[in-house]
Amino acid sequence: MTRAALILLPALALASCDETRPRPQPEPSEELSFPAADRPVATIVSARWSTEEARDRLNEADTVMNRADIRPGMTVADIGAGEGYYTIRLAQRVGKDGRVLAEDIIPEVRDALAQRVARERLDNVSVRLGEPDDPRLPDNSFDRVFMVHMYHEIEEPYEFLWRMRPSLRKDGLVVVVDANRETQNHGTPPDLLKCEFAAVGYALVSMRDMPSAGGYLAMFKAQGPRPDPASIRACPNRGLPSPQGGATPQGDE
């Protein structure tokens, strides 16, 4: 067997047989219906937002992880992980007692990341193939869920966020990094982001500008019961007021 094959076998095993298994999906008594997003959806043009060297020169990952209070022993999901810029650095930060689940919806990207994880011998990382409307995360499992430069590519944000909610632990947070521009231009206006999260029962914890990451960093927590899908109302794309209720933004810069 060739050396390349030996590398590929454990990588594919990681991709398909991770320890953090998705929750079983019960058959609903009736089909769930979610509102469509009232905004354009950006196309997925690359698994890479920028080069890792350029991002490290700006100290991007360390700054985001510090602000998200990532500590050894935590369990973190990296949604839309791409080539693994955050996956690798999160794995180093949470250490051997922590866990990172890296998810992407493109099989070739997932497989390439699994190979990288195997090459770098990151035993605390699992790799998963998600779905466009469901990250397929196990319930009550994550201290942080990272969504970096990918939110604007989600075609069904209300269903995606609704299905993601149960994966958060009691004090878990969703960490979003995106650019302050229209969704078709690979960003999400902050008011639109806050409104869509609020519609699914997430409260804003903090939002601050973050030029080193190409835009801003926002953090949300699940608040109250998960709403019935039929009660969710789509947010308008323009002229958004700040959502009522929830946490007051803190630390804006």
Side-chain angles (χ1 to χ4, degrees), residues 35-70 77-83 85-86 89-90 104 132 135 144-158 160-161 164 173-223 233-253:
D38 182 24
R39 58 170 171 82
V41 177
T43 56
I44 301 174
V45 295
S46 174
R48 172 185 296 179
W49 178 73
S50 180
T51 66
E52 297 196 6
E53 294 79 7
R55 298 171 84 170
D56 279 344
R57 282 197 297 271
L58 295 172
N59 204 32
E60 177 189 335
D62 279 343
T63 302
V64 170
M65 290 190 295
N66 289 342
R67 290 181 176 177
D69 193 24
I70 303 300
D78 183 13
I79 306 301
E83 294 182 342
Y85 175 74
Y86 273 91
R89 289 152 181 81
L90 285 166
D104 207 281
R144 301 288 186 270
V145 174
F146 270 51
M147 304 174 72
V148 180
H149 291 294
M150 57 76 64
Y151 184 80
H152 49 267
E153 297 172 352
I154 300 175
E155 295 183 9
E156 301 289 344
Y158 303 105
F160 191 97
L161 294 175
M164 187 176 75
L173 297 175
V174 181
V175 180
V176 180
V177 175
D178 215 340
N180 184 3
R181 52 177 176 255
E182 296 300 319
T183 52
Q184 66 267 33
N185 297 322
H186 292 272
T188 308
D191 282 346
L192 179 62
L193 181 81
K194 290 185 285 186
C195 185
E196 291 186 349
F197 268 79
V200 192
Y202 293 84
L204 179 66
V205 174
S206 68
M207 178 174 280
R208 61 181 72 190
D209 290 338
M210 193 173 170
S212 63
Y216 60 84
L217 182 150
M219 292 191 287
F220 299 87
K221 64 180 180 181
Q223 187 173 70
R233 297 292 176 263
C235 299
N237 194 19
R238 296 186 182 278
L240 290 169
S242 297
Q244 298 299 312
T248 302
Q250 298 174 354
D252 291 339
E253 295 176 353

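This chain uses plain numbering: 1 for the first residue, then up along the sequence. The model shown is predicted, which means the values in this text are computed figures rather than measured ones.
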Exercise: identify the closest heavy-atom pair between Tyr216 and Pro190: CE2-CG, 3.9 Å
Heavy-atom check, side chain of Met147 versus side chain of Phe220, under 4.5 Å: no
Closest contact, heavy atoms only, Met150 versus Ile79: CG-O, 3.6 Å
Arg39 side chain reached by Gln184 side chain, heavy atoms, under 4.5 Å: no
Gap separating the CZ atom of Arg55 from the NE2 atom of His149, nearest 0.5 angstrom: 6.0 Å
Aromatic ring pairing Tyr86/Phe146, orientation class (parallel under 30°, perpendicular over 60°, tilted between): tilted
Any Val176 side-chain heavy atom under 4.5 Å of Leu193 side chain: yes
Derivation of the side-chain hydrogen bond (donor to acceptor under 3.5 Å, both in side chains) call for Tyr85 and Glu60: CA-CA 10 Å; Tyr85 175 74; Glu60 177 189 335; 4.7 Å; no
Considering all heavy atoms, the nearest Pro35-Glu156 contact: O-OE1, 4.1 Å
Ala68 to Met219 - nearest heavy-atom pair and separation: CA-SD, 3.8 Å
Stepwise side-chain contact (heavy atoms from CB on, under 4.5 Å) check, Val64 with Val177: CA-CA 9 Å; Val64 170; Val177 175; 4.2 Å; yes
Side-chain donor or acceptor of Thr183 paired with backbone N/O of Pro40 under 3.5 Å: yes
Inter-residue atom distance Met210.CE - Asn180.CG, 0.5 Å rounding: 15.0 Å
Minimum heavy-atom distance Tyr158-Glu196, with the two atoms named: OH-CG, 3.4 Å
Under 3.5 Å: donor-acceptor pair, side chain of Tyr202, backbone of Val174: no
Heavy-atom check, side chain of Leu192 versus side chain of Tyr151, under 4.5 Å: no
Point-to-point distance, once rounded to the nearest 0.5 Å, from CG of Asp56 to CG of Asp62: 7.5 Å
Nearest heavy atoms of Pro189 and Glu182, plus distance in Å: CG-OE2, 3.9 Å
Val205 side chain reached by Leu173 side chain, heavy atoms, under 4.5 Å: yes
Straight-line distance of Met164 CE to Ile154 CD1, nearest 0.5 Å: 7.5 Å
